[in-house]
Novice: 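Before anything else, here's the structure in question.
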Amino acid sequence: MFGLDKKDTTLLLVVTLLALLAPFILNPFPEASALAQFNAGYPDLMQRFVIYGIFAVGFNLLFGLTGYLSFGHAAFLGVGSYSAVWIFKLLGMNVLPAIAFSIVISGLFALLIGYISLRRSGIYFSILTLAFAQMSFNMAYSVLTPITNGETGLQLTLSDPRILGQQATADGSIPVTNLLPGLEMRQSVQLELGGWLFTFNTGYYLAAFFLLLAFYIAIRIFRSPFGLMLRAVKSNQQRLNYTGIHTRPYTLAAFVISGMYAGLAGGLLASMDPLAGAERMQWTASGEVVIMTILGGAGTLIGPILGAGFIKYFENIFSKINENILHDWFSFLPQGLQDFVVTIVAPFFGEGWSLSMGLMFMAIVIFLPGGLVEGGQRIGQLFRRKPAAGDAASSQTTPAE
Amino acid sequence: MGILEVKGVGKRFGGLQALGNVNLSIAENSVHAIIGPNGAGKSTLLNCLVGKLIPDTGSVMFNGQSVLGRKPHEINQMGISRVFQTPEIFGDLTVLENVLIPCFAKRDGAFELNALTSISGQSDMRDKAEQILTDVNMQDKTGMHAASLSRGDKRRLEMAMCLVQEPKLLLLDEPTAGMARADTNNTIDLLKEIKSKRDITMAIIEHDMHVVFSLAERITVLAQGTPLVEDIPEKIKGHPKVQEAYLGQAHG
Ligand SMILES: Nc1ncnc2c1ncn2[C@@H]1O[C@H](COP(=O)(O)OP(=O)(O)OP(=O)(O)O)[C@@H](O)[C@H]1O
Ligand SMILES: [Mg+2]
C-alpha cells in the first residue's frame with residue numbers, strides 16, 4: 001500500500017492505530033485511582049510525544065542512516081518555533097502557513113549550516129554543528145533580539161498586525177491558534193466512561209497527522225536508492241568515492257531533510273503554545289534528541305518514536321513525583337525507615353529526574369546497544385524461540401527494521 | 001599511445017622514496033601485470049592513479065586526459081575502477097546491496113534525490129546486480145552481510161562491484177590473495193571471459209605467478225620504486241634481473 005511492502009505497511013498501520021487511540025492507550029487508570037498519576041493521556045503530554053517523535057525521526061534520517069552525529073539539531077527546532085510565531089504575529093493565527101514557513105526557514109538554515117559543517121566528518125562535524133547551535137543560541141539572546149525578543153522570548157501581543165486575521169478577539173484578548181476558523185488547537189472533547197476520562201484534543205490530532213506523514217516519508221527514504229546511498233556513506237564513504245559518487249550532495253540532502261523535520265517539530269510546538277524562547281536551541285535540547293534516537297534504536301524506523309515517547313513520559317512522571325508522594329508510597333514502612341528510604345530515593349525524582357534518566361540511558365546503552373528496538377526483538381525471540389539464532393542476529397543489524 | 005600513460009612519477013614518504021621515476025604505458029584492451037617484491041611501491045603506484053595520492057613529480061594521463069588533481073569520484077567517472085589490496089566493501093550492507101550501489105551510481109556521477117522510489121521496484125537494477133553476482137559465483141550469498149564473508153569472497157564481491165560499472169580500466173591489487181586454489185582458477189576464468197566479451201583494459205598486481213602468467217600480455221617488474229624491466233611474459237620468466245630482485249629480497 002502507498003508504495004510500501006507488506007511489512008512496512010503493517011508498521012505504518014500499527015503506528016497509525018497507536019496514534020489515533022493514544023488518548024485511550026495512555027490513560028489506562030481511572031481518574032480517582034492512586035495510579036492516575038501514571039496516566040499520560042492529557043493533551044499537553046500527548047502533543048509532546050508526537051512532536052518530539054517527529055524531531056527524532058528526522059534526526060535519525062541523518063544520524064541513523066549516514067552516521068553523521070549532529071550535536072546542534074535543536075537550532076532547527078528553535079528556528080522553526082520562531083518562524084511560526086512570526087507568522088502568527090504578521091499573518092494570522094492559522095497554523096498551516098506557520099508550519100509551512102517553519103519548514104522552509106529551517107530547511108534554508110540547515111542548508112547553510114550543513115554546507116559548512118559537512119566539510120568535516122566524525123567528531124569535527126559534531127563539534128561544528130554544536131558550535132553553530134550555540135552561536136545561534138547566544139545570538140538569539142543578544143544581537144538578534146529584534147527578531148527573537150531576547151530573554152523574554154518571542155510572544156504575541158495585541159499590537160501585532162495579523163493582516164489576514166484579527167488583531168484581537170471581541171473581548172480584547174489575543175486570539176488563539178487554530179486549524180480552521182472556529183477549530184482551535186486547544187479545543188478538546190472529553191469522554192467519561194465509568195471512572196475513566198478520555199480527552200481528544202485538536203492540537204494533538206494535528207500533530208499526530210504530521211507524525212504519520214513524517215514517518216511515512218521516512219519509510220520511503222529508508223527503502224529508496226537515496227537511502228541506500230546514505231547507508232553506504234555510514235558503512236564506507238571511501239568505497240563510495242571510488243565508485244564515482246560524490247558523497248557531499250547526499251549528506252547535505254539528508255542534513256537539510258532532517259533540519260526540515262526539526263523545523264516542522266518546532267513549528268508544531270509553537271502552534272500548540274505560540275511562544276518561542278532561545279532555550280529551545282540550547283545544547284541540552286540538542287543532546288536530548290541524540291539520546292532519544294540512541295535510546296530507541298538509531299538506524300531503525302520505529303526506534304526514534306519509541307525513544308521520544310520513553311524520554312518524554314519518564315521526564316514527566318519522574319519530575320511530578322515529589323516527597324509527599326514518595327512518603328505515600330512507602331507509608332507501609334515504620335516512620336523511621338520510611339524517612340530513610342524516602343531520603344535515599346528522593347534525589348531521583350522531582351527536580352532530580354534527569355539523574356534517573358541518565359542512569360536509565362546508561363543501562364540501555366550498556367545492555368542494549370541497539371536500544372529499545374533491540375530489547376523488543378530479544379523479547380520477541382523468547383516467545384518465538386523457533387527461528388534460528390542466526391536469523392535474529394541478521395535482522396538486528398539490518399538498519400531498516 | 002596507451003590508454004594509460006605514466007611519465008616520470010615519483011612519490012616520497014618522509015625519508016622513503018616509495019616511487020622513483022616510474023614510466024609505464026598500458027596499451028588499450030591489454031592485460032598488464034605489475035609484479036615485484038613486498039614494499040616495491042606497487043600499491044603506491046595505483047594510489048597515484050586513482051586520486052588517493054598525488055605524486056610529487058610526473059604526469060598520469062588516462063585516455064589523453066590528466067588524472068592528477070582530480071578527486072577519486074571524478075577519476076572513477078572517467079572509467080577507472082579499482083579492487084583494493086584490503087577489500088573496500090560496505091560491511092554493514094548485504095551482498096546484493098553492495099552491488100546495487102554501483103548499479104544506481106550514475107556514470108556521470110550526477111546526484112539523484114530518488115528518495116521516493118523504492119529499490120524493490122527497480123527490477124532492472126536488481127537483475128543487473130544478480131547477474132554479476134552469478135558471474136562471480138556468489139548468487140547464493142546475496143542476502144548475507146558483506147562483513148561476514150570470507151576474505152576471498154569479499155574480494156570477489158569487490159570485483160563484482162567494479163565489473164558492474166563496466167570500467168574502461170580495471171585496476172586489480174592482488175585480486176586472488178586469500179582465495180582457495182579453486183576460487184583463484186575461477187577468478188582467472190572470470191577475468192578471461194570478461195576480457196573476451198567486451199573492451200576492457202586491466203592492470204593487475206599479483207604475487208601468484210600462476211595468475212600472472214595465465215592472464216598477462218605484458219609484465220612490468222617493479223623494485224624499490226623503479227621499473228626494472230618490462231616485457232612479454234616469456235621473456236620475464238628467466239630474466240636475470242627479475243631473479244635478482246626477488247632473490248635479493250628473499251635474502252635481505
Ligand atoms: N601512506 C604511506 N605513508 C608512509 N609510507 C608508505 C605509505 N604507503 C606506503 N608506504 C611505504 O611505501 C613503500 C611501498 O609500499 P606499497 O604499499 O606501495 O608496496 P607494495 O609494492 O604494494 O607491497 P605489497 O606487495 O606488500 O603490497 C613501503 O615501504 C610502505 O611502507
Ligand atoms: Mg601492495
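So that the names make sense, note that chain A is the first sequence line, chain B the second, and so on, each numbered from 1.
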Novice: Could you give the distance from NZ (A:K234) to CG (B:L93), rounded to the nearest 0.5 Å?
Specialist: 10.0 Å
Novice: Quick check on A:A253 against chain B: is it the side chain, the backbone, both or neither that has a heavy atom closer than 4.5 Å?
Specialist: side chain
Novice: Look up atom CD1 in B:I119 and atom CG in A:L228, then write down how far apart they are to the nearest 0.5 Å.
Specialist: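 It is 4.5 Å, given to the nearest 0.5 Å.
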Novice: About how many Å separate CG of A:D8 and OG of B:S118, when rounded to the nearest 0.5 Å?
Specialist: 9.5 Å
Novice: Do B:F104 and A:F226 make the cut of ring centroids closer than 6.0 angstrom?
Specialist: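 No; A:F226 has its ring centre 6.0 Å or more from that of B:F104.
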Novice: For residues A:T243 and B:A105, report the shortest heavy-atom separation together with the two atoms involved.
Specialist: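 Shortest heavy-atom contact: O-CB, 3.9 Å.
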Novice: Using a 4.5 angstrom heavy-atom cutoff, name the option from A:G227, A:P225, A:A232, A:P249 with the most pairs to chain B.
Specialist: A:P225
Novice: So which part of B:Q165 gets closer than 4.5 Å to some heavy atom of chain A, the side chain, the backbone, both or neither?
Specialist: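 Only the side chain of B:Q165 comes within 4.5 Å of chain A.
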Novice: Is atom CZ of B:R12 surrounded by more than 12 heavy atoms (other residues, nucleotides or ligands) closer than 6.0 Å?
Specialist: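 Yes, the 6.0 Å shell around CZ holds more than 12 heavy atoms from other groups.
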Novice: Against chain B, label A:L230 side chain, backbone, both or neither, depending on which of its atoms sit under 4.5 Å from a heavy atom there.
Specialist: neither
Novice: What part of B:M161 is in contact with chain A, defined as an atom under 4.5 angstrom from a non-hydrogen atom: side chain, backbone, both or neither?
Specialist: side chain
Novice: With respect to chain A, which residue among B:T117, B:I80, B:T94 yields the maximal number of heavy-atom pairs within a distance under 4.5 Å?
Specialist: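 Most heavy-atom pairs under 4.5 Å with chain A: B:T117.
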Novice: Against chain A, work out which of B:K71, B:M125, B:E158, B:M144 has the most heavy-atom pairs shorter than 4.5 Å and name it.
Specialist: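 Top option by heavy-atom pairs under 4.5 Å: B:E158.
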Novice: For B:I54, look at atom CD1 and say whether over 12 heavy atoms of other residues, nucleotides or ligands are found less than 6.0 Å away.
Specialist: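 Incorrect, the count does not exceed 12.
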Novice: I'd like to check B:F90 versus A:R239 (side-chain heavy atoms, cut-off strictly below 4.5 Å). Are they in contact?
Specialist: yes
Novice: What part of B:A110 is in contact with chain A, defined as an atom under 4.5 angstrom from a non-hydrogen atom: side chain, backbone, both or neither?
Specialist: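 It is the backbone, since no side chain atom gets that close.
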Novice: Is the shortest side-chain heavy-atom distance between A:N236 and B:I89 below 4.5 Å?
Specialist: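 Answer no - side chains too far apart.
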Novice: What part of B:C162 gets within 4.5 angstrom of chain A, counting heavy atoms only: side chain, backbone, both, or neither?
Specialist: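 For B:C162, the side chain is the part near chain A, not the backbone.
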Novice: Using 0.5 Å steps for rounding, measure from the OH atom of A:Y216 to the CG atom of B:L116.
Specialist: 7.0 Å
Novice: Do the side chain of A:N241 and the main chain of B:H73 share a donor and acceptor less than 3.5 angstrom apart?
Specialist: no
